[in-house]
Q: 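Let me give you the structure first, and then I'll get to my questions.
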4 protein chains.
Amino acid sequence: MKTASSVRVTEEGVRSILQAALDKAKSMKVIVSIAIVDDGGHLLAFMRNDGARLHTVPVAIAKARSAALTRNPTGKKSPSGRDMDDHQALAITLAAGPGSIVTFPGGVPITVNGQCVGAVGVSGAKSDEDREIAEAGIAAL
Amino acid sequence: MKTASSVRVTEEGVRSILQAALDKAKSMKVIVSIAIVDDGGHLLAFMRNDGARLHTVPVAIAKARSAALTRNPTGKKSPSGRDMDDHQALAITLAAGPGSIVTFPGGVPITVNGQCVGAVGVSGAKSDEDREIAEAGIAAL
Amino acid sequence: MKTASSVRVTEEGVRSILQAALDKAKSMKVIVSIAIVDDGGHLLAFMRNDGARLHTVPVAIAKARSAALTRNPTGKKSPSGRDMDDHQALAITLAAGPGSIVTFPGGVPITVNGQCVGAVGVSGAKSDEDREIAEAGIAAL
Amino acid sequence: MKTASSVRVTEEGVRSILQAALDKAKSMKVIVSIAIVDDGGHLLAFMRNDGARLHTVPVAIAKARSAALTRNPTGKKSPSGRDMDDHQALAITLAAGPGSIVTFPGGVPITVNGQCVGAVGVSGAKSDEDREIAEAGIAAL
């Protein structure tokens, strides 16, 4: 079998995710940047809240990219599911190159029928709040 | 006078621009990526149409960034308004570094009361169509 | 409709493409590097012939990546199909960033049921020969 | 004596290593990316297993490159053989630049007659398994 079928998120799906994440941030009274990427880590949509700090732009995009490339939520679990110590977390981040692995929460893969079809990254609030916002976005799919 | 007032586009303004640009692209039956940046060239919003090619992501962002940083539409006019030949166009692009100057159409500054407050970059259609879509977005502000 | 179905090449498919491209290069008595990437431009497989020059490594990878991201063969046609002059070709290359667009032959998209599922990039021979080798690889799919 | 003889791995040797490493990964039921580089750290061959996560691509290549450049297995031993603490491990990684030194297992030099002629890097399983796969590949030489 030389090819296999796969799934992707449509523009309509992307809009639902983005709006639900923005609504969640608003309801939590936090100010964030939100990035959505496809399964290859390429940007699909992005929105920065009024007043969000500028470092949240690359951080939200890196979180989304990390969650897509590793197919796991960002954090100190390794891609294969074990806890990483500080050295391991930073060493794999450096090995993967700039903007590819993020070892704190806020990036969450979008999974459809067990397949990773992209990811959402949020930056600007506490990192557990960032993750909650990303999850709320994905729940709207 | 040691400080001066400035103008910026709000999230509501950004949404109007993005929606108007998306509507324009749809009415022209073209498939594009649209990026909106602030006056410092930092991303405010981004949307990729269903089916847009992946190189349109960095190109739309670079066009928006170029128009914001030079405060001029992207193209073969120099930032100070003179026509550039091929060497000049590519030399200034290389001098400014990756993704900072774009010398073909599709990036348009957002000007309010004579002040550049950001820019819109579009990629995916013919470059004159890209520019038209960016202008339609800005007209909605 | 929030998701849509898609296609990907399996490892078995990738191996067929790589072997057919290597066989073609051998039959042409040329020495090359061959890269195969997925639809997001991420490496699937790579092989460098005995004696191939080292610059062929990044060039083959960039050609494959370019053909995947633009969904077009590499060359001086723009992604939307028009002929580009020297300035346009180099300007879009710089706008897209390092290793993303290549404006000479040797990168060819892999298309299945009208959908781009990846690409092959070849470097080391004359660029028309590079393209021929990539096409021979894809024909084996 | 102004020149000296050197040894290199041929394409046939590279293929043996790659196939033996792929067979080992299969027998261990793990899904990985495998990179083989020459003594200068330049890619010779690469294969990504069906379903391997995308961050394994740059990580496998970085591990192979690190083992070739330091002529030592990747890990927290310094290139001169002493144990490094966390700061030393990350500091030398940053000093060497992106993708040049990796301080966890999975990159193994290929040594012939006491001379480093290249390296194998594996990513995707637990890092000790990655190393075992690289070693199995090299054993086939």
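Predicted model only: the values in this text are computed from it and were never measured. Chain A is the first sequence line, chain B the second, and so forth, proteins listed ahead of strands; every chain is numbered from 1.
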Q: If you round to the nearest 0.5 Å, how far is CG of Leu18(A) from CD1 of Ile34(A)?
A: 6.0 Å

Q: Of the backbone (N, CA, C, O) and the side chain (C-beta and beyond), which part of Ile17(C) lies under 4.5 Å from a heavy atom of chain A, both, or neither?
A: neither

Q: Between chain C and chain A, identify every pair of one donor and one acceptor N or O atom lying under 3.5 Å apart.
A:
{"residue": "Met1(C)", "atom": "N", "partner": "Glu12(A)", "partner atom": "OE1", "Å": "3.0"}
{"residue": "Met1(C)", "atom": "N", "partner": "Glu12(A)", "partner atom": "OE2", "Å": "3.4"}
{"residue": "Met1(C)", "atom": "O", "partner": "Thr10(A)", "partner atom": "OG1", "Å": "2.6"}
{"residue": "Lys2(C)", "atom": "O", "partner": "Thr10(A)", "partner atom": "N", "Å": "3.0"}
{"residue": "Lys2(C)", "atom": "O", "partner": "Thr10(A)", "partner atom": "OG1", "Å": "3.2"}
{"residue": "Lys2(C)", "atom": "NZ", "partner": "Ser16(A)", "partner atom": "OG", "Å": "3.3"}
{"residue": "Lys2(C)", "atom": "NZ", "partner": "Ala140(A)", "partner atom": "O", "Å": "3.0"}
{"residue": "Ala4(C)", "atom": "N", "partner": "Arg8(A)", "partner atom": "O", "Å": "2.8"}
{"residue": "Ala4(C)", "atom": "O", "partner": "Arg8(A)", "partner atom": "N", "Å": "2.7"}
{"residue": "Ser6(C)", "atom": "N", "partner": "Ser6(A)", "partner atom": "O", "Å": "2.7"}
{"residue": "Ser6(C)", "atom": "O", "partner": "Ser6(A)", "partner atom": "N", "Å": "2.7"}
{"residue": "Arg8(C)", "atom": "N", "partner": "Ala4(A)", "partner atom": "O", "Å": "2.7"}
{"residue": "Arg8(C)", "atom": "O", "partner": "Ala4(A)", "partner atom": "N", "Å": "2.8"}
{"residue": "Thr10(C)", "atom": "N", "partner": "Lys2(A)", "partner atom": "O", "Å": "3.0"}
{"residue": "Thr10(C)", "atom": "OG1", "partner": "Met1(A)", "partner atom": "O", "Å": "2.6"}
{"residue": "Thr10(C)", "atom": "OG1", "partner": "Lys2(A)", "partner atom": "O", "Å": "3.2"}
{"residue": "Glu12(C)", "atom": "OE1", "partner": "Met1(A)", "partner atom": "N", "Å": "3.0"}
{"residue": "Glu12(C)", "atom": "OE2", "partner": "Met1(A)", "partner atom": "N", "Å": "3.4"}
{"residue": "Ser16(C)", "atom": "OG", "partner": "Lys2(A)", "partner atom": "NZ", "Å": "3.3"}
{"residue": "Gly40(C)", "atom": "O", "partner": "His42(A)", "partner atom": "NE2", "Å": "2.7"}
{"residue": "His42(C)", "atom": "NE2", "partner": "Gly40(A)", "partner atom": "O", "Å": "2.7"}
{"residue": "Ala140(C)", "atom": "O", "partner": "Lys2(A)", "partner atom": "NZ", "Å": "3.0"}

Q: Looking only at heavy atoms, which two atoms of Ala20(A) and Ala136(A) are closest? And how far apart?
A: CB-O, 3.7 Å

Q: Which residues pass the side chain to side chain contact (heavy atoms under 4.5 Å, CB included) test with Ile138(A), not counting sequence neighbours?
A: Val108(A), Ile110(A), Val120(A)

Q: Any pair with a residue in residues 94-104 of chain C that passes salt bridge (charged side-chain N to carboxylate O under 4.0 Å, His left out), sequence neighbours left out, goes on the list, sorted by first then second residue, please.
A: none

Q: Is any side-chain heavy atom of Val30(C) less than 4.5 Å from a side-chain heavy atom of Ile133(C)?
A: yes

Q: Side chain, backbone, both or neither: which part of Ala140(C) has an atom under 4.5 Å from a heavy atom of chain A?
A: backbone

Q: With only heavy atoms counted, which part of Val112(C) is less than 4.5 Å from chain A, the side chain, the backbone, both or neither?
A: side chain

Q: Taking C-beta and beyond as the side chain, do Leu43(A) and Val37(A) meet within less than 4.5 Å on heavy atoms?
A: yes

Q: Can you list every salt bridge (charged side-chain N to carboxylate O under 4.0 Å, His left out) pair that touches residues 96-121 of chain A, not counting sequence neighbours?
A: none

